[in-house]
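Position 1 is the first residue of the sequence, and the numbers go up from there.
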Amino acid sequence: MISYGFRILIYISREIRHRFLLKKILCHLFNILYPSFFCTSDYIKRAALCFRESLIVCLKNESMKDMKPIGSYSILVESIGPKAQEFLVHVQSSMSIDGHFGGSKVISSVTSKFHCLEEKRTEFIYENGLYEKTIFIGIEDNCYHVKLTHTCPCDKSSEIKDLSFYTNSRLISEGANILLMRYLALINYEGILSFQSISIDGDSTESNYICTPTECMELDNRVLNVYTIERKLCREDGTVHTMRTYLTAKGRILRHNWLDVPYILKINPLADLNIPSKTIRIETPLKDSWNKDIEMFSKYLDIKFSKIAEETEYLADHPEIKQLIADYIQILLVGNQFLDWENIVPIVLKQVKLHFTFYNNILISL
């Protein structure tokens with residue numbers, strides 16, 4: 001017969017084994033919801049969540065052939081903190097739709113476990129004046145401090161509320177949402193995750209993520225391996241807003257679709273994801289269509305006007321350049337080089353050398 005003490009030892013060993021298995025299961029779930037690899041010193045894994053992307057905003061009812069951007073959407077994620085284990089998320093968008101200009105902006109700092117440290121989110125539209133909504137979320141006295149600001153042409157109002165950590169332990173901000181979607185795509189997670197979020201009006205909503213692992217599908221006339229996330233925001237009044245995001249296996253956003261609005265986010269059609277990394281592309285893809293890219297055309301204009309201002313300022317500070325150009329023109333018009341056009345380049349170069357020697361001597365004498 002088995003002694004009573006031995007039975008106790010068997011019972012204790014079973015309990016230890018069960019608790020060990022339970023701990024492993026809980027740790028696995030915890031790592032899915034709050035990935036533990038952020039807490040390590042693995043630079044490569046942290047770097048995978050730091051990225052920069054530029055998407056275009058276009059109308060849903062346009063075909064790929066006739067698609068014209070109505071705005072742009074930019075995302076920038078950087079690592080910050082003493083050990084570079086926290087993240088700074090910056091999202092900015094602008095668009096023109098139905099004759100009105102509007103956009104949004106998010107600046108958020110997020111911990112390695114997707115906890116929001118601080119976030120400021122703004123949405124605005126110009127319609128006979130500026131209409132703007134802003135929400136600020138920060139940590140203060142062991143709670144989330146939330147400040148709401150509404151601005152219109154004739155009024156400005158503010159509201160402050162505090163949310164306890166205990167009742168809002170599953171809170172995920174919009175900046176953390178950007179990180180979470182990329183992380184889920186990187187690990188190819190399959191399942192449903194539930195969090196809490198706060199709308200721009202300060203209302204608490206339930207945020208559900210329905211994640212579908214990578215599968216081959218046709219997207220914008222291209223066959224790709226696509227990871228899909230369907231996010232449902234359920235408000236307290238029963239209203240449900242659905243967003244569907246398609247990403248590559250490396251977390252790059254291919255398309256982001258708000259199902260209840262007439263516009264959509266898409267990757268720039270000039271980006272070709274099917275070209276192997278070792279293939280050299282001979283033709284220049286932007287040669288004939290670069291000026292149709294709103295972001296690129298805007299950068300071109302910024303650089304163009306900046307260079308014009310620099311050159312104008314330089315000519316104003318160096319009036320001798322005007323005399324130098326006049327001397328060149330005089331050589332071309334009345335010089336004896338008309339009899340020997342093949343030697344015109346050496347003659348001009350010689351003249352340039354003489355001018356630079358002259359001005360250098362003046363500077364040395366000063």
- Item | Side chain proximity check, Lys307 to Phe305, heavy atoms < 4.5 angstrom | no
- Message: Applying a strict under-4.5 Å side-chain criterion to I, L, V, M, F, W and Y, I'd like to know whether Ile210 and Leu247 cluster together.
- Response: no
- With side chain to side chain contact (heavy atoms under 4.5 Å, CB included) as the test, would you mind laying out the steps for His115 and Val110 before giving the verdict? CA-CA 6 Å; His115 291 160; Val110 183; 6.0 Å; no
- Task: Begin from the C-alpha positions of Phe101 and Ile125 and carry the test side chain to side chain contact (heavy atoms under 4.5 Å, CB included) through to its verdict.
- Result: CA-CA 6 Å; Phe101 178 75; Ile125 186 172; over 6 Å; no
- Message: If we check side chain to side chain contact (heavy atoms under 4.5 Å, CB included) with Met243, which of these qualifies: Leu259, Asn257, Val261, Leu233?
- Response: Leu233
- Distance from Ile139 atom CD1 to Cys116 atom SG, nearest 0.5 Å? 7.0 Å
- Query: Got Ile198 and Ile135 here, is their nearest side-chain heavy-atom distance under 4.5 Å?
  - Reply: yes
- Query: Is Glu118 salt-bridged to Lys120, going by a charged N under 4.0 Å from an acidic O?
  - Reply: no
- Message: Applying side chain to side chain contact (heavy atoms under 4.5 Å, CB included) to Phe87 and Leu179, what does each step give before you reach the verdict?
- Response: CA-CA 9 Å; Phe87 299 92; Leu179 277 177; 3.7 Å; yes
- Query: Would Asp201 and Ser199 count as a side-chain hydrogen bond (donor to acceptor under 3.5 Å, both in side chains) if you check the C-alpha gap in whole Å, the side-chain angles of each, and the deciding distance to 0.1 Å?
  - Reply: CA-CA 5 Å; Asp201 297 314; Ser199 69; 4.7 Å; no
- For the side chain of Asn168 and the backbone of Ser164, is there at least one donor-acceptor N/O pair under 3.5 Å apart? yes
- Query: Say you draw a straight line from SG of Cys152 to CG of Asn128; how long is it, rounded to the nearest 0.5 Å?
  - Reply: 12.5 Å
- Message: Taking CD in Glu313 as the centre, count heavy atoms belonging to other residues, nucleotides or ligands within less than 6.0 Å. Is the count above 12?
- Response: no
- Item | Close side-chain approach of Leu76 and Leu88, heavy atoms under 4.5 Å | no
- Query: Given side chains that start at C-beta, do those of Tyr183 and Tyr189 come closer than 4.5 Å, heavy atoms only?
  - Reply: no
- Mind jotting down which residue pairs meet the ring pair (Phe, Tyr, Trp, His ring centres under 6.0 Å) criterion with at least one end in residues 223-244? Sequence neighbours excluded, please. none
- Backbone of Ser197 reached by a side-chain donor or acceptor of Thr205 within 3.5 Å: yes
- Item | Cation over ring face, Arg182 and Phe51, 6.0 Å, 45° | yes
- Query: Hey, is the main chain of Phe195 close enough, under 3.5 Å, to the side chain of Asn208 for a donor-acceptor pair?
  - Reply: no
- Task: Evaluate the ring planes of Tyr314 and His318, with Trp represented by its six-membered ring, and classify them as parallel (under 30°), tilted (30 to 60°) or perpendicular (over 60°).
- Result: parallel
- Do the charged groups of Glu123 and Lys133 touch, with an N to O distance under 4.0 Å? no
- Query: Would a 4.5 Å heavy-atom cut-off, applied to side chains only, mark Cys58 and Ile264 as touching?
  - Reply: yes
- Could you tell me whether the side chain of Cys50 reaches within less than 4.5 Å of the side chain of Ser79, counting heavy atoms only? yes
- Hey, are Glu119 and Arg121 close enough for a salt bridge, meaning a charged N less than 4.0 Å from a carboxylate O? yes
- Query: Charged N to carboxylate O under 4.0 angstrom, Glu174 versus Arg231?
  - Reply: yes
- Item | Trace of the side chain to side chain contact (heavy atoms under 4.5 Å, CB included) decision for His256 with Ile229 | CA-CA 10 Å; His256 182 78; Ile229 298 177; over 6 Å; no
- Is the number of heavy atoms from other residues, nucleotides or ligands within 6.0 Å of CG (Asp260) greater than 12? yes
- Item | Check: Arg255 side chain, Leu265 main-chain N or O, donor-acceptor pair, under 3.5 Å | no
- Nearest-0.5 Å distance, CZ of residue Phe114 to CG of residue Asn177: 10.0 Å
- Item | pair Ile267-Ile253: side-chain heavy atoms closer than 4.5 Å | no
- Just by distance, do the side chain of Thr312 and the backbone of Ile308 share a donor-acceptor pair under 3.5 Å? yes
- Any chance you could lay out the side-chain hydrogen bond (donor to acceptor under 3.5 Å, both in side chains) test for His150 and Ser157, step after step, and finish with the verdict? CA-CA 5 Å; His150 291 186; Ser157 61; 4.7 Å; no
- Item | Nearest-0.5 Å distance, CZ of residue Arg222 to CD of residue Glu218 | 11.0 Å
- Query: Atom NZ of Lys161 and atom NE2 of His145: how far apart are they, to the nearest 0.5 Å?
  - Reply: 12.0 Å
- Distance-only, no hydrogens or angles: does the Ser93 side chain make a donor-acceptor pair with backbone N or O of Ser104 under 3.5 Å? yes
